[in-house]
Protein chains: 2
Amino acid sequence: MLKIPNHQVAGHKAIDGMIGPLIDDSGNFYKPLQNDDRGSNEVSFYESFNSDPRVPNSILKYFPIFHGTKIVNASDGSGLHPHLVLQDVASSYTNPSVMDVKIGSRTWYPEASEDYIKKCLDKDRVTSSIILGFRVSGLKLVGSAANEDDLSWQPDRKFLQNLSAEDVNLLLSKFVSSNMPSKDAAACPDRAFVDKVFGGSNGVLEQLLELKKWFEVQTIFHFYSCSVLMLYDKESLLNGKSSGGAVVKLVDFAHVVDGKGAIDHNFLGGLCSLIKFISDILASPHDQNCISNNNGTKDEH
Amino acid sequence: MLKIPNHQVAGHKAIDGMIGPLIDDSGNFYKPLQNDDRGSNEVSFYESFNSDPRVPNSILKYFPIFHGTKIVNASDGSGLHPHLVLQDVASSYTNPSVMDVKIGSRTWYPEASEDYIKKCLDKDRVTSSIILGFRVSGLKLVGSAANEDDLSWQPDRKFLQNLSAEDVNLLLSKFVSSNMPSKDAAACPDRAFVDKVFGGSNGVLEQLLELKKWFEVQTIFHFYSCSVLMLYDKESLLNGKSSGGAVVKLVDFAHVVDGKGAIDHNFLGGLCSLIKFISDILASPHDQNCISNNNGTKDEH
């Protein structure tokens, strides 16, 4: 039985009669093929990526496993529709905190239509893409079970639009804090999970650095409008379960094009920008703004 | 006595009655201040760059030394005009080979006027900037003195427009070859100087990698439309003089803006792309195309 995923934070969603992704109980994610070129492009990408001997094995784990395509009933009740069958990267988590970061200051590719380029460029300019080299496309922060009013927070697109460097620092800090979620911009995230989620040999930073190494040399693909997804499970981490640890996955490959002999400098630049934010938070585990705003009372957590 | 420089390969030149840079015999380069914001922006950049304690000493050597501004007679005979007084980075070379690479897939900055953005974007799209993350803005290849017909080659803008990855690989190979210059695209560069110019602890690659490290962390400046200049002197290298060695300098800071807390992902991405080309040439000192085209006869040089 296919159902609507709980943990999707960005992209087309299967709500209000719209066609969107579905999941099953076996850990599969069914992504409806878009009718224009995007659907077939994404299938082509997964096929060529998985069969290309130049892609090192160490990199495969950063991509959802691809199980081909399958015709299943669409989420909107419109009947049978072809879907990509992918690994449901959230399936191993009970209640994950999720962040979707669309990488690259430019989301359009050179061969696109003028209309498409204009649409993307306008969006790149009103979001943080041009300034920061990425934009936060989606976010779900899971709170502590102790506070039932505060179970989770999933900001809407409008909230995530046009974030400054300071805003992104705050959101990434909230992402690894126990005293969140909260819309309250003045609240001070305690960064209680920063070492477990961003740090360590299996943490987000190490995973992003391994991806960076590949992006410094790979000239096969240019990934436009592709996202880095970061997930972890707060409660599992609190209970000392290793399964709650942070995972990084790349998703959304409808706009991947041939690298034509050059590295993907647009993706790499944005990735390095995200890495810098995360490194800074790791290097300064206490939020400096909180310390100064609270006369040092927040210096312990 | 000020004179017109011999080794300028890009930018406004002091020829045909146009205002352009001048040099003196003491190693100074006089760059006329442009009347619009660009002139004052470049002065402001040099002043703030040189006084900013966050800029590490190890990075200063990649920028021309700044000696302030001075009013001197303009090259076009129009009378007194304010000039930036900079280190003439070519002054220590007798007859340098020079390459000017404008870094970044995007040469416009967010706060620019719509007209300026459109002009830059159009140029980024018809040159290699969007695809490769940089474009070759100027090039002067000095030949071997033995062949007097072939003393130097300085391709025009049209030739350098819209280079593919393969074209850039060939130009960079020619840049470090003894059997150049030549317009002949089929000619096989011998890459005789590759180890001395691109390689080694003082070579171009190491210098670019040091710059890269800084760009991975610095959030002070975003360098739009700025170039990496690479220079070396073939004859000095042939005569075993250390003074002929390769130098990397950043030039042209009329469009530097505040980094606003993010790294310069646009510059960093393009820089990494250039680094990949140079690393590839170093890793394969014989041009593979030449070897296959000549049944291996070019395998020795």
Side-chain angles (χ1 to χ4, degrees), chain A residues 103-106 108-112 114 117-118 121-122 124-135 162-170 209 212-219 222 224 257-277 279-280 283, chain B residues 103-106 108-112 114 117-118 121-122 124-135 162-170 209 212-219 222 224 257-277 279-280 283:
Chain A
I103 305 288
S105 67
R106 175 162 52 87
W108 54 272
Y109 49 100
E111 298 82 4
E114 290 303 314
I117 290 175
K118 192 187 172 323
L121 182 58
D122 288 349
D124 295 343
R125 292 178 69 186
V126 296
T127 62
S128 70
S129 296
I130 291 283
I131 306 277
L132 306 183
F134 62 80
R135 61 181 180 250
N162 204 10
L163 301 177
S164 68
E166 212 172 316
D167 298 332
V168 166
N169 185 295
L170 182 61
L209 289 173
K212 177 190 169 209
K213 269 198 182 157
W214 185 56
F215 274 93
E216 284 175 341
V217 295
Q218 76 87 12
T219 59
H222 283 193
Y224 291 104
V257 301
D258 185 338
K260 294 188 177 171
I263 63 164
D264 188 352
H265 46 86
N266 178 61
F267 189 97
L268 177 60
L271 182 64
C272 289
S273 179
L274 178 61
I275 285 171
K276 177 64 165 55
F277 279 93
S279 304
D280 282 353
Chain B
I103 303 289
S105 67
R106 176 162 52 87
W108 55 271
Y109 48 99
E111 297 81 4
E114 291 303 315
I117 290 176
K118 191 185 173 325
L121 182 58
D122 287 349
D124 296 342
R125 292 179 68 185
V126 297
T127 61
S128 69
S129 296
I130 291 281
I131 306 279
L132 305 183
F134 61 80
R135 61 181 180 251
N162 203 11
L163 301 176
S164 68
E166 212 172 316
D167 297 333
V168 166
N169 184 296
L170 182 62
L209 289 174
K212 177 189 168 208
K213 269 197 183 158
W214 185 57
F215 274 94
E216 284 174 341
V217 295
Q218 77 87 11
T219 58
H222 283 194
Y224 292 105
V257 300
D258 185 337
K260 293 188 178 171
I263 63 164
D264 189 352
H265 46 87
N266 178 61
F267 190 96
L268 177 61
L271 183 65
C272 289
S273 179
L274 178 62
I275 285 171
K276 176 63 165 56
F277 278 93
S279 303
D280 281 353

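Since the structure is predicted, the reported quantities are computational estimates derived from the model, not experimental observations.
Residues A:Asp124 and A:Arg135 have side chains in contact (heavy-atom distance under 4.5 Å, counting atoms from C-beta outward). For the pair B:Arg106/B:Tyr224, a side-chain contact is recorded, criterion being any heavy-atom separation below 4.5 Å from C-beta on. Annotation: side chain of B:Glu216 is not in contact with side chain of B:Ile263 (no heavy-atom distance under 4.5 Å). Side-chain contact between B:Arg125 and A:Pro110 is absent, with no heavy-atom pair separated by less than 4.5 Å.
The part of B:Ile117 that comes within reach of chain A is its side chain, from C-beta onward, which places non-hydrogen atoms under 4.5 angstrom from that chain. For a residue to count as touching a neighbouring chain, one of its non-hydrogen atoms must lie under 4.5 Å from one of that chain's; by this rule A:Tyr109 does not touch chain B. Within the 4.5 angstrom heavy-atom criterion, no atom of B:Phe134 approaches chain A. With a 4.5 angstrom heavy-atom cutoff, A:Leu121 touches chain B only via side-chain atoms. Only the side chain of A:Leu268 comes within contact range of chain B, with heavy atoms under 4.5 Å apart. Within the 4.5 angstrom heavy-atom criterion, no atom of A:Leu274 approaches chain B. For A:Thr219, the part sitting under 4.5 Å from any heavy atom of chain B is the side chain, from C-beta outward, and nothing else.
Without hydrogens or angle criteria, A:His265 side chain to B:Ile131 main chain gives a donor-acceptor distance under 3.5 Å.
Taking 4.0 Å as the cut-off between side-chain N and carboxylate O, B:Glu114 and B:Lys118 do not count as a salt-bridged pair.
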